[in-house]
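So the structure is just underneath, and the comments pick up after that.
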Amino acid sequence: MSHPNSPEYFTISTVNQYDGETTVLAICEDMDAVMYRIKQCYSSCGDEYRINCYHLTTASDAATAYNEQMVNRRKYQNEEKEKEAKLKELEEIKAMSFDEWEKMEDNRIERDKIENEDFMEDLIKEAELT
């Protein structure tokens with residue numbers, strides 16, 4: 001059993017040799033039942049049977065799997081947005097001259113300094129309050 005705590009059910013289907021249409025003959029709980037049901041069939045040359053295995057899914061299991069899938073999708077979408085933004089920035093940098101790039105970096109450094117100063121002021125105020 002590949003899914004823990006989930007029973008397996010088997011279906012036996014016969015395949016019409018003229019048009020490929022399938023008809024379910026039985027739903028069985030184990031392979032022994034499948035084999036005994038196939039032994040009951042009257043078979044001739046060219047008859048085709050399919051055995052499929054299914055796992056019983058509960059609503060809570062399906063909901064858990066769905067939620068995990070949605071979280072993973074959002075995570076992937078965010079990673080792709082970040083990647084696209086970085087690629088766009090790289091293309092813009094490639095299109096710039098060296099002087100324009102230096103100016104952009106100086107602005108970024110200045111902006112980071114201001115953010116750090118604001119952060120330090122907030123920390124000092126918070127420490128004074130306690």
Side-chain angles (χ1 to χ4, degrees):
M1 191 183 275
S2 58
H3 295 263
N5 302 325
S6 176
E8 292 178 329
Y9 293 99
F10 300 89
T11 61
I12 306 168
S13 302
T14 182
V15 180
N16 184 323
Q17 56 187 322
Y18 300 108
D19 63 4
E21 181 182 342
T22 59
T23 304
V24 176
L25 298 176
I27 300 172
C28 306
E29 68 178 342
D30 57 21
M31 282 303 292
D32 289 335
V34 169
M35 295 313 295
Y36 283 117
R37 181 61 181 96
I38 287 178
K39 287 179 183 180
Q40 291 176 354
C41 295
Y42 176 78
S43 297
S44 61
C45 183
D47 286 351
E48 208 178 311
Y49 298 96
R50 289 189 185 158
I51 301 170
N52 292 315
C53 179
Y54 298 96
H55 296 276
L56 185 65
T57 302
T58 62
S60 63
D61 292 341
T64 301
Y66 172 76
N67 289 335
E68 289 174 4
Q69 180 185 34
M70 294 308 292
V71 166
N72 290 334
R73 280 184 184 174
R74 296 299 178 255
K75 182 179 174 184
Y76 175 78
Q77 288 171 347
N78 289 337
E79 289 171 357
E80 288 298 308
K81 283 181 185 176
E82 288 176 17
K83 190 188 308 180
E84 289 296 323
K86 288 178 182 178
L87 285 173
K88 183 178 178 184
E89 182 180 0
L90 180 62
E91 291 299 322
E92 290 173 355
I93 290 172
K94 286 181 180 179
M96 290 181 192
S97 68
F98 183 73
D99 293 335
E100 291 173 327
W101 178 79
E102 274 188 326
K103 189 175 182 180
M104 184 187 76
E105 283 299 308
D106 290 342
N107 289 340
R108 182 180 293 160
I109 291 169
E110 192 63 36
R111 193 174 45 233
D112 289 345
K113 283 181 185 177
I114 292 170
E115 288 175 4
N116 286 339
E117 289 172 359
D118 291 343
F119 178 71
M120 292 302 291
E121 288 176 5
D122 290 343
L123 283 178
I124 292 170
K125 287 178 184 177
E126 194 173 301
E128 290 173 352
L129 294 175
T130 56

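When a residue number appears, it is its place in the shown sequence, counting from 1. Because only heavy atoms are used, hydrogens play no part in the values below, and waters and symmetry mates are left out as well, while side chains stay in.
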* **Test side chain to side chain contact (heavy atoms under 4.5 Å, CB included) applied to L25 and C41, step by step** => CA-CA 9 Å; L25 298 176; C41 295; 3.8 Å; yes
* Note: E91-K88 ion pair, threshold 4.0 Å (strictly below) -> no
* **Atom CG of L56 with >12 non-hydrogen neighbours under 6.0 angstrom** => yes
* Structure fact -> Output for pair (E79 CD, R74 CZ), nearest 0.5 Å, gives 13.5 Å
* To do: Please name the pair of heavy atoms, one in S13 and one in V24, separated by the smallest distance, quoted to 0.1 Å.
  => OG-CG2, 3.8 Å
* Structure fact -> Separation between CD1 (I38) and OG1 (T14), nearest 0.5 Å, reads 10.0 Å
* What distance separates R37 CZ from M35 CE, expressed to the nearest 0.5 Å? -> 12.5 Å
* Kindly say whether K75 contributes a backbone atom to a donor-acceptor pair with the side chain of N78 at under 3.5 angstrom? => no
* salt_bridge(R108, E105) N-O dist < 4.0 Å -> yes
* Spacing of I109 atom CD1 and I114 atom CD1 [to the nearest 0.5 Å] -> 12.5 Å
* **Closest contact, heavy atoms only, Y49 versus Y42** => OH-O, 4.0 Å
* To do: Determine whether more than 12 heavy atoms belonging to other residues, nucleotides or ligands lie under 6.0 Å from atom CD of Q17.
  => yes
* Please answer: with hydrophobic residues joined when any side-chain heavy atoms are less than 4.5 Å apart, are I12 and F10 in the same cluster? => yes
* Hey, what else clusters with M70 if you join Ile, Leu, Val, Met, Phe, Trp, Tyr whenever side-chain heavy atoms sit under 4.5 Å? -> Y66
